[in-house]
Amino acid sequence: MSQQVFFDDVEVGAQIPALTVTPDETQLFFFSAATYNGHRIHYDKQWASDVEGYDNVLVHGPLQAALLARALGDWIGGRGRLVSFSVQNRATALPGQTLSFGGVVTGKRVTESAGLVDLEIAGRRDDTVLMPGTATVELPLRKTISGGPS
C-alpha cells in the first residue's frame, strides 16, 4: 500500500510513479468479456491477421485507459480524487509488450480548500506514446487554508 500523497508535497515537473504492465492474451480475452466487446481483433489471432492485417491481437484502447487511470489512482491514494481524465488512443499495442503508464505534474492550484493538480499523462511502449492525455486530481492539503477546514 502506498503512502498518501499531499498537495503541499507535490512540485510542478514531478513524475508520478509509473505502472508497468505486460498484458497477455488471456487478459485481453477476459477484458473483452467483461466489457461486452465482441470485436474479434482483441481475442482471435487468425481474425486479427487474416481480416485486419495485424501480426497479433491488439490490446484494447479502453484497457490502456483503465491502466492509466489505475496509475493515477495508485498515486493519489485513498484521500485523493480524480477530477478529470481525457486520453486519445494513438498507436497499437500487442500482448507480450511491456507497457508503462504515468505522467508529470504540469500545474497546481488551490480553490476553496481543495488542492488541484494538473498532469500530462501517457501510456507508452518504450519511447512510443500510445495514449497521451491530461488529468486533474484533487489531493488532500497538509496545511490549513485560511477560512477552510483544518
Side-chain angles (χ1 to χ4, degrees), residues 1-39 41-43 48 54-150:
M1 178 172 233
S2 63
Q3 289 187 327
Q4 179 63 55
V5 64
F6 288 87
F7 174 82
D8 314 73
D9 302 328
V10 173
E11 299 296 329
V12 172
Q15 296 278 331
I16 70 167
L19 171 67
T20 302
V21 177
T22 305
D24 62 23
E25 291 179 35
T26 302
Q27 183 179 17
L28 302 186
F29 177 81
F30 282 118
F31 190 81
S32 288
T35 59
Y36 300 100
N37 183 340
H39 194 323
I41 200 164
H42 300 298
Y43 63 87
Y54 292 99
D55 294 334
N56 202 344
V57 294
L58 303 181
V59 177
H60 309 71
L63 175 56
Q64 294 176 55
L67 291 166
L68 190 48
R70 179 178 151 198
L72 290 170
D74 289 351
W75 178 63
I76 65 176
R79 293 178 55 200
R81 183 173 71 91
L82 183 59
V83 175
S84 69
F85 180 84
S86 176
V87 294
Q88 296 179 347
N89 192 8
R90 297 265 181 94
T92 60
L94 305 174
Q97 294 178 330
T98 300
L99 309 178
S100 65
F101 302 91
V104 63
V105 175
T106 59
K108 291 176 58 174
R109 61 193 181 284
V110 177
T111 62
E112 296 185 34
S113 80
L116 299 177
V117 177
D118 298 316
L119 300 114
E120 278 187 21
I121 55 176
R124 299 175 185 276
R125 178 188 61 243
D126 299 321
D127 292 333
T128 302
V129 175
L130 305 171
M131 181 168 282
T134 58
T136 299
V137 298
E138 180 181 317
L139 295 176
L141 298 165
R142 190 178 299 277
K143 299 175 184 170
T144 303
I145 298 173
S146 73
S150 53

Sequence neighbours excluded, the answer for side chain to side chain donor-acceptor pair (under 3.5 Å) partners of Thr106 is none
Indicate yes or no: at least one non-hydrogen side-chain atom of Val83 is less than 4.5 angstrom from one of Val137.
-> no
For Leu99 and Leu130, the nearest pair of non-hydrogen atoms, with its separation, is CD2-CD1, 3.7 Å
Arg81: what forms a salt bridge (Lys or Arg N to Asp or Glu O under 4.0 Å) with it, not counting sequence neighbours?
-> Glu138
Nearest-0.5 Å distance that lies between atom CG in Asn56 and atom CD1 in Ile41 = 10.5 Å
Applying side-chain contact (heavy atoms from CB on, under 4.5 Å) to Phe29 and not counting sequence neighbours gives Tyr43
Residue pairs fulfilling salt bridge (Lys or Arg N to Asp or Glu O under 4.0 Å) with at least one residue in residues 10-21, sequence neighbours excluded | none
What residue pairs, at least two apart or across chains, pass side chain to side chain donor-acceptor pair (under 3.5 Å) with a residue in residues 26-38?
-> Ser32-His60
Could you give all pairs that pass the salt bridge (Lys or Arg N to Asp or Glu O under 4.0 Å) test and reach residues 97-107, with sequence neighbours left out?
-> none
Looking only at heavy atoms, what is the nearest atom pair of Asp8 and Pro140, with distance?
-> OD1-O, 4.2 Å
Could you tell me which residues satisfy salt bridge (Lys or Arg N to Asp or Glu O under 4.0 Å) with Arg90, sequence neighbours excluded, listed by chain and number?
-> none
Name each donor-acceptor pair under 3.5 Å that joins a side chain in residues 119-128 to protein atoms two or more places apart or in another chain, with its distance.
residue : atom : partner : partner atom : Å
Arg125  : NH1  : Thr92   : O            : 2.4

Would you check if Trp75 and Leu139 make a side-chain contact, meaning some heavy-atom pair closer than 4.5 Å?
-> yes
To the nearest 0.5 Å, tell me how far Ile76 CD1 sits from Leu82 CG.
-> 6.0 Å
Mark yes when over 12 heavy atoms from residues, nucleotides or ligands other than Asp55 sit less than 6.0 Å from its CG; otherwise mark no.
-> no
Residue pairs meeting salt bridge (Lys or Arg N to Asp or Glu O under 4.0 Å), one or both in residues 16-33, sequence neighbours left out, come to Glu25-Lys45
Interatomic distance, Gln64 atom CD to Met131 atom CE [nearest 0.5 angstrom] | 5.0 Å
With sequence neighbours left out, what residues match Thr20 under side-chain contact (heavy atoms from CB on, under 4.5 Å)?
-> Thr98, Ser100
To the nearest 0.5 Å, atom OG1 of Thr136 lies from atom CZ of Arg109 at 5.5 Å
Distance col, row Asn89:CG vs Leu63:CG, nearest 0.5 angstrom, shows 10.5 Å
Could you list all the salt bridge (Lys or Arg N to Asp or Glu O under 4.0 Å) pairs where at least one residue sits in residues 60-73, not counting sequence neighbours?
-> Arg70-Asp74
Heavy-atom closest contact (His42 atom, Leu28 atom, distance) | O-CB, 3.4 Å
